[in-house]
Amino acid sequence: MCGITGWISFDRDLTREEADLAAMTATMACRGPDAEGSWLARHAALGHRRLAVIDLAGGAQPMAVDTPDGPVAMTYSGEAYNFTELRDELRRRGHAFRTASDTEVVLRGYVEWGPALADRLNGMYALGIWDGRTDRLVLIRDRLGIKPLYYHPTEDGVLFGSEAKAILAHPLVEPVIDTDGFRELFGFVKTPGAAVWSGMREVRPGTVVTVDRAGLREHVYWKLAVSEHRDDTDTTVAHIGELLDDIVTRQLVADVPLCVLLSGGLDSSALTALAAKAMRERGEPARSFTVDYEQRGDFAPDELRGSRDAPFARELVAHVGTQHHDIRLDHRELADPSVRAATVTARDLPFGFGEADNSLYLLFRAIREHSTVALSGESADEVFGGYPWFHLPVVQQAAMFPWVTASGLDPSGHPTKLIHPDLLLSTLDIPGYWAQRYAEAVAEVPGPDGEDPHERRMREFCYVHLTSLLGMLLDRKDRMSMAVGLEVRVPFCDHRLVEYVFNTPWSMKTFDGREKSLLRAAVRGLLPASVADRRKALYPTTQDPRYVTALQRQVADLLSAAHPAADYFDRDALRTAAAGPPEAVHRDAREAFERVLDMATWLDVRRPVIKLS
């Protein structure tokens, strides 16, 4: 896992521009703490920061191959889980390898197949290849968008990078946020391809972007498609189990310490059990980590979290025998302004998941002391239909993104986050923006003619979760993990599994009357019954009132200082909530505190130019 960046210019000699490339590459240092490298030619400059995971000695980048028609150079972030099979095929085609890295396999795969290499890769990846044979840049992003990749066209070429900050470090780019960018910030809906920053784009998942003297072109090499599902329930469950076993085994390949993120829920417990079994067969121990909180008082169940994670995690650990670590966080760490600054800097943007981002960052920072790679259960809810709102008729019937409806946000307004109403309803028109984005997303949903209306509706549910919600969650996980140099792999995002489950009927996905029926059935034999039957609980947050008190104090200080971040919020409502007892602070006000503090931090750290029309 690494950080990549580059600059293509057809009108200047980039061998003289090493300083600008170095500045772009330096912003990726946290993504690649082990090494840095650059490759410069007349019209192409590639930068790389490396987190060494496979072939620690031989995988240095950028990596280049000289051909009779010109050099082919690559800067690459990610892992190709089928690199062994691809290397064997390339050897049969006459390629010789100098290293044992997947990087060289990907590079030589491009030399052999060109951009069609994308169709052959199984993994998570974002890569930029300068093809000196044809003077063109090829950008490729993985099918689900696990690894980020941004680009910014210029008058004579393009800039690109793993994160927006790499592009913003270039003197040609001004850090401008326009109205549509601001809508993306506030809307809690990720539009595929939108990068928030004016003039910048994100390579869409499953897409190849090609840049040459003729301009920029996009080619979609993968998207969710419809195929007839002919397997019965038992066969489907068995196939999912076989896929998961293969996926986890592939994703355990690393030359550095590896672990599993364990919440004690169905998804992470399934991965932990599969990983423990595979590593036991190799004679190696499996490591697992769980986050928990130091707090006053007992845990109080609510509508989002019916139980604590730790007891279920311990039961799973006893069942499968991992080497386990509990990471316990307290309110002081969570409220530390330096932690918020780290998470906002990692995102490049405000308005992530507030405390959940802070705790995830702290968890990953602690894990990094023991492991370099971690497996995560992210995306199982999107793939298998695990969120509670999948099963609520009132949400199913609403013509809106399901998580927006279910979270209690009123599509006719946005009263709950204490955002300034003039900004929300007039300048940004968030309800109208949501409606437009939702209509565009649903219009893309494939489906057979004559599909049952309810099956069609639930296919739309699954599609928008996989294309509009999952992107936010993957981006969050990537940013918080790479901010501390930890590689997080997401087995449930394997495209073979996603394609197969997407095309199973909703009635089969819920055959036992519960959420994630297929996943539960596929892994039940690996888990204690209590874990297999545990109800969905969202990512945990602290219930310690001292954390809320710290937020209140910070917001009050911000308001007293007349910080410009407060201009985007209802000052009176913030002031009232900040002055009351912490026990009376509603969840919506707490989230508003997080947002205004994020906004203030972002304005101070990034200093964007905001142009609203």
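In this text the structure is predicted, and so the values were computed from the model without any measurement.
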Query raised in the report: ring pair (Phe, Tyr, Trp, His ring centres under 6.0 Å) with Phe312: which residues, sequence neighbours excluded?
Result: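 By the ring pair (Phe, Tyr, Trp, His ring centres under 6.0 Å) rule, Phe312 matches no residue at all.
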Ignoring hydrogens and geometry beyond distance, is a side-chain donor-acceptor pair present between [X] and [Y] at under 3.5 Å?
X	Y	answer
Glu163	Thr27	no
Glu444	Tyr463	yes
Ser359	Tyr539	yes
Ser9	Asp156	yes
His563	Asp604	yes

Query raised in the report: What residue among Asp330, Leu334, Asp544 forms side chain to side chain contact (heavy atoms under 4.5 Å, CB included) with Tyr293?
Result: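 When Asp330, Leu334, Asp544 are each tested with Tyr293, the side chain to side chain contact (heavy atoms under 4.5 Å, CB included) holds only for Leu334.
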I'd like to check [X] versus [Y] (side-chain heavy atoms, cut-off strictly below 4.5 Å). Are they in contact?
X	Y	answer
Leu473	Ser379	no
His420	Asp570	no
His170	Thr154	no

Query raised in the report: Of all heavy-atom pairs between Phe492 and Asp267, which one has the smallest distance, and what is that distance?
Result: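 Result for this residue pair: CE1-O, 3.8 Å.
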Query raised in the report: Shortest non-hydrogen contact from Ala592 to Leu574?
Result: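 Heavy-atom minimum between the residues: CB-CD2, 4.3 Å.
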Requested in this report: Using side-chain contact (heavy atoms from CB on, under 4.5 Å) as the criterion, list what pairs up with Gln436, not counting sequence neighbours.
Outcome: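 Testing Gln436 for side-chain contact (heavy atoms from CB on, under 4.5 Å), a comparison that skips the adjacent residues, returns Glu440.
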Requested in this report: Using modelled atom types only, decide if a donor and an acceptor are shared between the side chain of Thr75 and the backbone of Gly128 within a distance under 3.5 Å.
Outcome: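 No; zero donor-acceptor contacts below 3.5 Å.
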Query raised in the report: Would you say the side-chain atoms of Glu184 pair up with the backbone N or O of Thr191, donor to acceptor, closer than 3.5 Å?
Result: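 Present.
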Requested in this report: May I have the step-by-step check of side chain to side chain contact (heavy atoms under 4.5 Å, CB included) for Lys477 and Ser376, ending in yes or no?
Outcome: CA-CA 9 Å; Lys477 187 138 288 180; Ser376 166; 2.9 Å; yes
Report task. Tell me, please, whether Phe364 has Arg368 positioned over its six-membered ring: NZ or CZ under 6.0 Å from the ring centre and within 45 degrees of its axis? Result ->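 That pair does not qualify as a cation-pi contact.
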Report task. Answer yes or no for Arg595 and Phe351: cation-pi contact, defined as NZ/CZ to six-membered ring centre under 6.0 Å and angle to ring axis within 45°. Result ->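 Here Arg595 passes the 6.0 Å and 45° test against Phe351.
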Query raised in the report: If you count the non-hydrogen atoms of other residues, nucleotides and ligands that lie under 6.0 Å from CZ in Arg328, is the total more than 12?
Result: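 Yes, because the 6.0 Å sphere around CZ of Arg328 holds more than 12 heavy atoms from other groups.
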**Report entry** More than 12 heavy atoms from other groups under 6.0 Å of CD on Glu18
**Finding:**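 At most 12 heavy atoms, drawn from other residues, nucleotides or ligands, come within 6.0 Å of this atom.
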Query raised in the report: In Å and rounded to the nearest 0.5 Å, what is the NZ to CZ distance from Lys147 to Arg31?
Result: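 Here the interatomic distance stands at 5.0 Å.
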Query raised in the report: Any idea how His465 and Trp403 line up, ring-wise: parallel (<30°), tilted (30 to 60°), or perpendicular (>60°)?
Result: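 Ring orientation, 0 to 90° scale: perpendicular.
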Query raised in the report: Yes or no on side chain to side chain donor-acceptor pair (under 3.5 Å) for Tyr125 and Arg143, after CA distance, side-chain angles and deciding distance?
Result: CA-CA 9 Å; Tyr125 44 86; Arg143 293 170 178 84; 3.2 Å; yes
Give every donor-acceptor pair under 3.5 Å between a side-chain atom in residues 606-613 and any protein atom, sequence neighbours left out.
residue: Arg606; atom: NH2; partner: Asp348; partner atom: OD1; Å: 3.4
residue: Ser613; atom: OG; partner: Thr179; partner atom: OG1; Å: 3.2

Query raised in the report: Taking it one step at a time, do Asp422 and Thr427 satisfy side chain to side chain contact (heavy atoms under 4.5 Å, CB included)?
Result: CA-CA 7 Å; Asp422 290 343; Thr427 304; 5.7 Å; no
